[in-house]
Amino acid sequence: MIDTTTAQLEKLVTHHRVNENRQTLSLFDENSDRFSLFSAHCGDIVFDYSKCNVSSETMGLLLELATKAKVSGKRQAMFAGEPINSTENRAVQHMALRNMSDAPVMIDGKDVMPDILAVRKDMARFAEAVRSGKVAGKGGKFTDIVNIGIGGSDLGPVMATAALGPFHDGPNTHFVSNVDGADILEVLKKVNPATTLFIVASKTFTTQETMTNANTARQWLVNALGEGAVVNQFAALSTSLDKTSAFGIADDRAFGFWDWVGGRYSIWSAIGLPLMIAIGSKRFDEFLSGAHTVDQHFETAPDNQNLPVLMALIGIWHRNVCGYDTHAVLPYDQYLHRFPAYLQQLDMESNGKRIDVNGKSVAHETGPVVWGEPGTNGQHAFYQLIHQGTSVIPADFLVAAEAAEPVGDHHEKLVANAFAQTEALMVGKTEAQARKELHDKGMDANAIDKLAPHKMFPGNRPTCTFLYPKLTPFVLGQLVALYEHKVFVQGAIWNINSFDQWGVELGKELAGELLPVVKGEQKAMGRNSSTVGLVDAFHAMRK
Ligand code: G6Q
């Protein structure tokens, strides 16, 4: 017997088949008020999904899917601190980190808010002391912060620090993540050891890349200033505070968090320290408040007005019903240039799963490939495929009403491009229109026959637009939390655990096994001939 979710997805597939030739544009002709019907608000953000090929009947079926998949009960379980990360037996409570109300948050019968507030207070005290110069390096006030972390301990701070560039009035921040020595080398070339603070960000404090970079940075500092500098110029962000002190980091410079904070959901925790130092603790609080607003909306708004639910359902329509494999995120906001990379981890690490919570293979597709680049740059590169390629690529457009830093009429031009793209993707251009245009330009019939097919656009390519007043800390907090909860809702519907990441383990294990082989300390015996051949060729090239 198929489960109710699969049965509902099948209903949706039938509905899609019946409406196969439906043009989104004609849906606007049928209902002149389509924008109000197919858009919703949360906090400062307007979400317009009217340019997707969905009718009221489609949305009704999708909302029924959310009900049948018991999204609401699963959401309640997450907010109640139940161990919904079942393969690691952990609660999922990043919302507590941005709980700006007085309400307690219980995990395992304990209110976790006092610990959260204590760490946030310590972080703020330290961040403000670094910003003012009260906490300083051997050479005086810190001019540079180097955050060493990877994955969830890197992408959030990198993305948010870039996004909030106009609010950055603290020391310069640099991020080192890759085990490729070039990453740390290029940063160390730019900074002065006497005025640089290193922050080692690692939930486990065992990650190979991070510990390798941290040790390289430590040695570089010790070479320049002596062993004594470590205690003064290193801080740590981790759940493993025993390991941070073993590294030589002073206890009052080690900021903790907890195992119920997933790496890719940790920007709200101590992992946010480099952002806090960059923009100040008050603005960091505004960032948390933005996310908190979305948490409240997500918990209480009815499904048909609930942005994360709607975002998730539109995504499911495209992925499971229409069969589109990828999802593009296109910020028309240069400061969000790392947002697609951030969402790539959030979405693909959370929902790139093929086994459900009961250990069975899923009966449907799960997370799409998420990718993107800021507009307008992408328009001059890969949009060709989005407009005229054989794959349909649903895309999110993110647009600010006001520029974070206005320059002449740049912003109006940027916004005109964003709106033009979403319209062009939906409207397209028929061959008859293309022919008429060419004819009006005086082209002869023969040339028109040849060129017209290339000038036609199929249209009907779905886009969602997020419009927000301006990219402030508060708005950024809202945007990130919206996508986090979208990922949760999709995981709930697909019945997978969005909060583990076993898929990254095998590569790590094999890298550990291969290191002595690559170093020439062991032979690559018993491995496949490709790996053996590559190892041999590698050693031959280095001779
Ligand atoms: C995120 C992942 C992963 C993790 C990194 C770094 O959800 O678990 O990206 O954040 O592997 O781990 P550490 O913070 O433990 O160094």
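Just so it is clear, the model here is predicted, and its values are computed rather than measured. Whatever order the structure lists ligands and atoms in, that order sets their numbers, starting from 1.
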- Query: Are Y483 and Y342 near enough that their ring centres are under 6.0 Å apart?
  - Reply: no

- Message: What protein heavy atom lies closest to atom 4 (C) of ligand 1? Include the residue and the distance to one decimal.
- Response: G152 N, 3.8 Å

- Task: Name the closest protein heavy atom to atom 5 (C) of ligand 1, giving the residue it belongs to and the distance to 0.1 Å.
- Result: I150 O, 3.5 Å

- Is T204 close to ligand 1, meaning an N/O of one under 3.5 Å from an N/O of the other? yes

- Just checking, any donor-acceptor pair under 3.5 angstrom between side chains of Q219 and N223? yes

- Task: May I ask you to list the atoms of ligand 1 that are less than 4.0 angstrom from any heavy atom of G263?
- Result: 1 (C), 7 (O), 10 (O)

- Message: Other residues, nucleotides and ligands only: do more than 12 of their heavy atoms fall within 6.0 Å of CZ on R338?
- Response: no

- Taking only heavy atoms of S202 into account, list the atoms of ligand 1 that are under 4.0 Å away from them. 13 (P), 14 (O), 15 (O), 16 (O)

- Give a yes-or-no answer on whether the side chains of R319 and Q490 include a donor-acceptor pair shorter than 3.5 Å. no

- Query: Minimum heavy-atom separation for S177 to D183, with atom names?
  - Reply: N-OD2, 2.9 Å

- Closest candidate by heavy atom, reference atom 13 (P) of ligand 1, pool T207, V200, I271: T207

- Message: Side chains of N192 and K138 only: does a donor on one sit below 3.5 Å from an acceptor on the other?
- Response: no

- Are the charged groups of D285 and K282 less than 4.0 angstrom apart, N to O? no

- One finds that the ligand 1 atoms under 4.0 Å from a non-hydrogen atom of S153 are 10 (O), 13 (P), 14 (O)

- At what distance is the nearest protein heavy atom to atom 7 (O) of ligand 1, and which residue and atom is it? R264 NH1, 2.7 Å

- Message: Would you call the rings of W268 and F287 parallel, tilted or perpendicular, taking 30° and 60° as the class edges?
- Response: parallel

- Task: Considering heavy atoms of the protein only, find what lies nearest to atom 2 (C) of ligand 1 and give residue, atom and distance to 0.1 Å.
- Result: E349 OE1, 3.2 Å

- Item | Shortest protein contact, atom 3 (C) of ligand 1 (heavy atom only) | Q345 NE2, 3.8 Å

- Message: Would A201 count as being in polar contact with ligand 1, using the rule that some N or O on each side must be under 3.5 angstrom apart?
- Response: no

- Message: Polar contacts were defined as any N/O atom of the residue lying under 3.5 Å from an N/O atom of the ligand; does this apply to K508 and ligand 1?
- Response: no

